[in-house]
Chemist: 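The structure follows.
Residue numbers begin at 1 in each chain, while the letters A, B, ... track the order of the sequences. FYI, side chains are in, hydrogens and waters are out, and symmetry mates aren't considered; it's all heavy atoms of this structure.
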Protein chains: 2
Amino acid sequence: MTATPVVSLSNIKVACQNCSLASLCLPMGLAPADVDKLEAIVKRSRPLRRGDHLFESEHKFRSLFAVKTGSVKTYTLGPDGNEQVLGFHLPGELLGLDAIQSDVHRCSARVLETSSVCELPFERLEELASHIPTLQHQLFRLLSKEIGQDTDMVALLSRSPAEERLASFLLSLSERYQRRGFSAKEFILSMSRQEIGSYLGLALETVSRLFTRFQEDGILRVDRKHITILDLERLRKVIAHQTNCDQQAQGPN
Amino acid sequence: MTATPVVSLSNIKVACQNCSLASLCLPMGLAPADVDKLEAIVKRSRPLRRGDHLFESEHKFRSLFAVKTGSVKTYTLGPDGNEQVLGFHLPGELLGLDAIQSDVHRCSARVLETSSVCELPFERLEELASHIPTLQHQLFRLLSKEIGQDTDMVALLSRSPAEERLASFLLSLSERYQRRGFSAKEFILSMSRQEIGSYLGLALETVSRLFTRFQEDGILRVDRKHITILDLERLRKVIAHQTNCDQQAQGPN
DNA sequence: ACGCCCACTTGACCTAAGTCAAGTGCCCCG
DNA sequence: CGGGGCACTTGACTTAGGTCAAGTGGGCGT
């Protein structure tokens with residue numbers, strides 16, 4: 001058993017090679033020999049518990065983090081002190097990409113439930129990338145993907161009504177869980193209504209009312225944090241700009 | 001006799017080396033020898049005219065583009081066909097970063113006024129970056145910066161009222177113009193009220209009313225597309241969550 | 001096991017901003 | 001140089017969603 005000098009997680013055989021997330025995460029598409037090199041710079045910590053920070057805003061940027069299990073939220077505090085949630089991160093997703101530019105974290109990252117993460121010291125990662133073109137490419141892709149997602153979020157916030165925002169959010173979770181081998185139709189929300197609202201630019205009461213409405217409409221079953229998607233198709237239709245107005249006779253008003 | 005003091009297009013020796021934007025653009029921080037190598041892969045086109053496309057959504061991604069003069073908007077068309085503006089790009093700014101991931105453009109880019117751009121074939125850029133660590137780093141930084149800006153936009157859209165959005169927008173333009181050597185206090189908007197509204201998630205009427213209000217308040221002078229910032233300090237205060245109501249003894253004005 | 005707290009729900013009301021509808025005048029085109 | 005369209009302004013009205021307030025009940029700590 002090789003003793004990793006920095007942080008040793010005693011007995012678990014953690015390695016990118018046999019990590020189930022390898023196909024989603026940084027190693028995606030790398031030759032096995034290159035994965036080994038990547039492997040060599042990854043630090044793994046003991047599991048973090050709800051409320052622990054991966055990093056905090058204003059602190060020096062040293063590493064990217066990849067979620068291995070659990071979930072993490074990123075957020076900033078507005079001038080008035082209240083929290084603006086910027087994103088929720090599931091296994092296989094990278095955090096800290098916005099800090100490369102400034103060398104300082106621009107948001108804080110806090111785990112929402114017991115989670116484990118991999119730490120990727122960025123200087124070493126860059127060094128490695130300059131020797132492994134595939135890794136360089138993969139990093140460019142990951143950064144680009146993040147930009148695309150942010151752009152989608154901008155579009156969602158600037159033109160969609162509350163209903164569509166929540167439906168988008170749920171579908172995004174559904175798809176991401178599915179890609180990770182979990183159920184697309186049933187999952188536990190690790191974040192509060194407040195946090196969902198902040199993320200979607202809505203009041204928590206609005207989020208709550210929408211959950212109720214979706215349930216009444218038979219689209220979801222909602223039990224506290226336990227969500228069951230009953231009608232995926234209809235949920236998708238909510239997003240597709242439900243311009244049913246003139247379509248079907250909606251009945252007498 | 002063209003009296004354009006800034007740039008005359010036909011006869012300039014166009015080269016990153018003597019481009020006034022070099023310190024903002026990709027070459028930033030590169031050794032002169034490396035700038036030459038970068039130079040070698042840059043394609044420069046004749047000036048584009050208002051309405052011309054740099055690229056269109058769904059088209060194959062081949063190159064990044066850097067604005068040299070003029071301005072460019074990026075946008076997508078919603079399912080209902082109406083335009084969602086994603087950004088406005090000034091000289092020295094890069095476009096197409098979101099397409100690296102998918103190999104396909106996710107938005108369209110159209111010039112708002114007569115503009116010139118540099119085209120950077122991405123494959124060659126990547127190849128170059130793997131030999132020039134500084135360039136690789138610079139690319140990571142640029143992508144990261146974009147992520148940070150998108151994040152700022154998400155925060156703006158999800159929690160700021162209309163007033164703050166427009167003030168943010170104007171201050172962003174002001175700062176960007178200033179860094180490019182133009183006046184921070186006086187500039188011409190190259191985009192319509194409609195486009196500003198789309199970008200900020202507001203109706204064009206709201207944008208118009210806010211311009212009027214800012215003018216009435218003595219913060220701006222607005223003449224059609226000609227904006228003069230009369231009171232930069234107060235414009236900043238609009239953003240700073242103008243909760244002047246109860247705030248600590250700021251003293252009566 | 002109990003009770004308290006806090007996340008959530010639900011209702012009533014209010015407001016910021018959207019929509020609809022006229023203007024107004026600049027700018028471009030003939 | 002004159003007409004027309006289009007970008008913009010302005011006003012009246014509507015509404016989605018925020019705010020405030022009052023429950024309700026699940027889960028956690030003792």
Side-chain angles (χ1 to χ4, degrees), chain A residues 49-51 73 78 80 82-85 112-114 156-167 169 188-217 220-227 238 241-243 245-246 253, chain B residues 49-51 73 78 80 82-85 112-114 156-167 169 188-217 220-227 238 241-243 245:
Chain A
R49 280 181 311 184
R50 175 173 174 79
K73 77 167 174 193
D80 42 355
N82 56 17
E83 179 178 300
Q84 168 67 46
V85 174
L112 290 167
E113 60 191 313
T114 302
L156 188 74
L157 290 172
S158 79
R159 98 174 138 209
S160 300
E163 249 188 353
E164 291 180 38
R165 294 187 197 183
L166 187 62
F169 172 66
I188 305 293
L189 297 174
S190 55
M191 69 295 286
S192 69
R193 303 289 192 262
Q194 170 75 258
E195 287 165 331
I196 296 171
S198 171
Y199 178 60
L200 296 175
L202 301 171
L204 72 97
E205 292 94 330
T206 303
V207 174
S208 178
R209 279 187 251 266
L210 285 171
F211 273 131
T212 306
R213 185 179 336 152
F214 285 160
Q215 175 153 264
E216 283 166 0
D217 292 352
L220 299 179
R221 187 182 310 124
V222 181
D223 173 26
R224 204 85 177 149
K225 307 217 167 214
H226 184 155
I227 301 293
V238 172
H241 203 62
Q242 74 298 9
T243 327
C245 341
D246 49 357
N253 326 355
Chain B
R49 278 181 314 184
R50 174 172 176 82
K73 78 167 172 191
D80 42 353
N82 57 17
E83 178 178 300
Q84 168 67 46
V85 175
L112 290 168
E113 59 190 315
T114 303
L156 188 74
L157 290 172
S158 79
R159 95 174 142 210
S160 300
E163 249 190 352
E164 291 180 37
R165 294 186 197 182
L166 187 62
F169 172 67
I188 305 293
L189 296 174
S190 55
M191 68 295 287
S192 68
R193 304 290 193 260
Q194 171 74 260
E195 288 165 331
I196 296 171
S198 171
Y199 177 61
L200 296 176
L202 301 172
L204 72 98
E205 292 93 331
T206 303
V207 174
S208 178
R209 278 187 252 266
L210 285 171
F211 273 131
T212 307
R213 190 186 323 159
F214 284 161
Q215 175 154 261
E216 285 166 0
D217 292 354
L220 299 179
R221 186 181 313 123
V222 182
D223 173 26
R224 205 85 176 147
K225 308 217 169 217
H226 184 156
I227 301 293
V238 172
H241 200 60
Q242 74 298 17
T243 325
C245 344

Chemist: Once salt bridge (charged side-chain N to carboxylate O under 4.0 Å, His left out) is applied, what residue pairs with a partner in residues 194-204 of chain A remain, sequence neighbours excluded?
Modeler: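 For residues 194-204 of chain A: A/K73-A/E195.
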Chemist: Between CG of A/L166 and CG of A/L202, what distance do you get to the nearest 0.5 Å?
Modeler: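 With rounding to 0.5 Å, CG (A/L166) is 7.5 Å from CG (A/L202).
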Chemist: Please tell me if A/K225 has a side-chain N or O lying less than 4.0 Å from either OP1 or OP2 of C/dC8.
Modeler: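 Result: yes.
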Chemist: In this structure, how many angstroms lie between the P atom of C/dC26 and the CG atom of B/L189, rounded?
Modeler: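 Those two atoms, CG and P, are 17 Å apart.
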Chemist: Hey, what do you get for CD1 (A/I227) to CG (A/L189), rounding to the nearest 0.5 Å?
Modeler: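 Atom-to-atom, A/I227:CD1 and A/L189:CG are 4.5 Å apart.
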Chemist: When the distance from NE2 of B/H226 to P of C/dC26 is rounded to whole Å, what number comes out?
Modeler: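 Taking NE2 of B/H226 and P of C/dC26, I get 16 Å after rounding.
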Chemist: Check DNA chain D against residues 203-215 of chain B and give the residues with a non-hydrogen atom under 4.0 Å, in numerical order.
Modeler: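 DNA chain D contact set from residues 203-215 of chain B: B/L204, B/E205, B/S208, B/R209, B/T212.
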Chemist: side-chain contact (heavy atoms from CB on, under 4.5 Å) with A/D223: which residues, sequence neighbours excluded?
Modeler: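 Per chain and number, A/D223 pairs via side-chain contact (heavy atoms from CB on, under 4.5 Å) with A/H226.
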Chemist: Just distance, no hydrogens or angles: give the donor-acceptor pairs under 3.5 Å from side chains in residues 207-215 of chain B, sequence neighbours left out.
Modeler:
residue	atom	partner	partner atom	Å
B/T212	OG1	B/S208	O	3.0
B/R213	NH1	B/E163	OE2	2.9
B/Q215	OE1	B/V222	N	2.7

Chemist: Any N/O pairs under 3.5 Å between the protein and nucleotides 28-30 of chain C? List them or say none.
Modeler:
none

Chemist: For DNA chain C, what residues of residues 191-202 of chain B have any heavy atom nearer than 4.0 Å?
Modeler: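 Correct list: B/G201, B/L202.
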Chemist: Using five pairs at each end of the helix from C/dA1-D/dT30 to C/dG30-D/dC1 to define an axis, what is the angle between those two axes, to 10°?
Modeler: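 End-to-end axis angle for the helix from C/dA1-D/dT30 to C/dG30-D/dC1: 50°, rounded to 10°.
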Chemist: What integer distance in Å separates A/E163:CD from D/dT15:P?
Modeler: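 Whole-Å distance recorded here is 16 Å.
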Chemist: How long is the line joining CG of A/L157 and P of D/dA16, in whole Å?
Modeler: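 After rounding, the reported distance stands at 19 Å.
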Chemist: Distance from A/L156 atom CG to A/R165 atom CZ, nearest 0.5 Å?
Modeler: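 Going from CG on A/L156 over to CZ on A/R165, the span is 6.5 Å.
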Chemist: What residues, two or more places apart in sequence or in another chain, satisfy side-chain contact (heavy atoms from CB on, under 4.5 Å) together with B/Q84?
Modeler: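 For B/Q84, the residues satisfying side-chain contact (heavy atoms from CB on, under 4.5 Å) (neighbours in sequence not counted) are A/A155, A/S158, A/R159, B/T76, B/L86, B/S198.
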Chemist: Run the side-chain contact (heavy atoms from CB on, under 4.5 Å) test against B/S190 and tell me which residues pass, sequence neighbours left out.
Modeler: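 By the side-chain contact (heavy atoms from CB on, under 4.5 Å) rule, B/S190 matches B/S71, B/L112, B/E113.
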Chemist: Rounded to the nearest 0.5 Å, how far apart are CZ of B/F169 and CD1 of B/I196?
Modeler: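 The CD1 atom of B/I196 is 4.5 Å from CZ of B/F169, to the nearest 0.5 Å.
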Chemist: Any chance you could list the contact pattern along nucleotides 23-30 of chain D? Use B for base contacts, S for sugar-phosphate-only contacts and - for none, protein heavy atoms under 4.0 Å, 5' to 3'.
Modeler: --------
Chemist: For B/A162 and B/T206, which heavy atoms make the closest approach, and how far apart are they?
Modeler: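 In this case the closest contact between B/A162 and B/T206 is CB-CG2, 4.0 Å.
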